[in-house]
Novice: 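The structure follows.
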There are 2 protein chains.
Amino acid sequence: MPFALKHSQALRLWHDVGLGIVRSGEPDLSSRQITILLTVYMEPPPHTVRGLAAKLNVTKPVITRALDTMGSLDLVSRRRDDSDRRNVVVQRTVQGSLYLERFSDLIIEKARTLP
Amino acid sequence: MPFALKHSQALRLWHDVGLGIVRSGEPDLSSRQITILLTVYMEPPPHTVRGLAAKLNVTKPVITRALDTMGSLDLVSRRRDDSDRRNVVVQRTVQGSLYLERFSDLIIEKARTLP
DNA sequence: CAGGAATAATACGCATCCGAAACGAGTATT
DNA sequence: AATACTCGTTTCGGATGCGTATTATTCCTG
């Protein structure tokens with residue numbers, strides 16, 4: 001089913017969801033961080049620093065730093081790839097799953113009540 | 001018309017839109033900043049620092065700093081309120097309007113092609 | 001096995017952001 | 001006019017992020 005949003009509805013949805021996140025006191029992630037988080041949870045693994053950097057069109061230190069931050073928030077974790085120990089594999093966490101569950105609940109609720 | 005998104009569709013939409021923004025090299029705004037921007041453009045004026053702080057449930061310096069950043073990006077501007085010169089009124093800009101136009105275009109396109 | 005390529009992390013100098021508190025300017029109260 | 005209040009900004013020390021360049025490991029190739 002295609003979702004034929006109008007401009008005002010699209011922006012209203014983003015506004016309402018953003019307001020819900022900000023007001024709730026959830027960590028103030030940037031667009032880059034949220035996109036990394038969603039990529040790890042929605043795209044098929046494995047996810048490496050290099051792969052994420054290429055996919056997002058950013059440099060590798062950007063990914064490393066975002067993983068540092070989100071790792072300290074327990075939203076993702078890192079593990080060395082045993083088959084090629086140069087690689088680091090980014091993994092999901094329970095906290096990250098719960099975070100995205102709350103996130104999608106919020107999106108769905110706001111989309112449902114869109115004028 | 002209610003938009004009955006599923007969890008996977010909600011997260012997919014956010015992922016795709018975020019990826020579009022990040023890859024395009026647009027400024028990496030935080031959730032707070034985007035929400036302030038959308039509030040200024042979608043809610044009826046006037047918008048004051050205090051009003052935005054109350055609405056977003058954050059402190060006033062957070063708003064001041066976000067306006068500094070987005071002001072330097074030409075996404076919003078500030079003007080003293082002549083009827084009460086303690087107040088600062090946050091105003092829209094041409095650049096901000098164009099930014100949100102690109103933004104809603106992106107949302108609509110990604111929503112249209114949701115699986 | 002030696003040299004080179006690939007990977008993630010770190011160093012660097014600088015900018016931005018944080019919350020809490022203090023501040024200056026403007027308005028309201030008495 | 002003097003005092004109290006309101007509003008936005010600034011300051012403070014500390015945290016986080018940036019891009020570029022460099023480093024330490026690990027793998028690959030000749």
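This one's a predicted model, so the numbers in the text were calculated from it and none came from an experiment. Protein chains get the first letters and strands the later ones, always in sequence-line order, with residue 1 at the start of each. Both backbone and side-chain heavy atoms feed into the values below; hydrogens, waters and symmetry mates do not.
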Novice: So what does T48(B) touch, heavy atoms closer than 4.0 Å: a base, only the sugar-phosphate, or nothing?
Specialist: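 Touches sugar-phosphate only.
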Novice: Taking only heavy atoms on the protein side, list every residue of residues 60-89 of chain A lying under 4.0 Å from any atom of DNA chain C, sorted numerically.
Specialist: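 By residue number: K60(A), P61(A), T64(A), R78(A), R86(A), N87(A), V88(A).
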Novice: For the backbone of S30(B) and the side chain of Q33(B), can you confirm whether one donor and one acceptor N or O come within less than 3.5 Å of each other?
Specialist: yes
Novice: Counting only side-chain nitrogens and oxygens, does Q33(A) get under 4.0 Å of the OP1 or OP2 atom of dT16(D)?
Specialist: no
Novice: Give a yes or no on this: more than 12 heavy atoms of other residues, nucleotides or ligands lie within 6.0 Å of atom CZ of R50(A).
Specialist: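 Atom CZ in R50(A) is not packed in, count stays at 12 or less.
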Novice: To the nearest Å, give me how far apart CZ (R50(B)) and C1' (dC5(D)) are.
Specialist: 11 Å
Novice: Are D105(A) and K110(A) ion-paired here, with the side-chain N under 4.0 Å from a carboxylate O?
Specialist: no
Novice: Can you tell me the distance, in whole Å, between the CD1 atom of I34(A) and the P atom of dG17(D)?
Specialist: 13 Å
Novice: Thinking salt bridges, do D81(A) and R85(A) make one under a 4.0 Å N-O criterion?
Specialist: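 Salt bridge between D81(A) and R85(A), a charged N being under 4.0 Å from a carboxylate O: no.
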Novice: Please check: side-chain N/O of S31(B) versus main-chain N/O of G18(A), any donor-acceptor pairing under 3.5 Å?
Specialist: no
Novice: What class does the angle between the rings of W14(B) and W14(A) fall in, given that below 30° is parallel, 30 to 60° is tilted and above 60° is perpendicular?
Specialist: parallel
Novice: Can you tell me how far P of dC18(C) sits from CG of D28(A), to the nearest Å?
Specialist: 6 Å
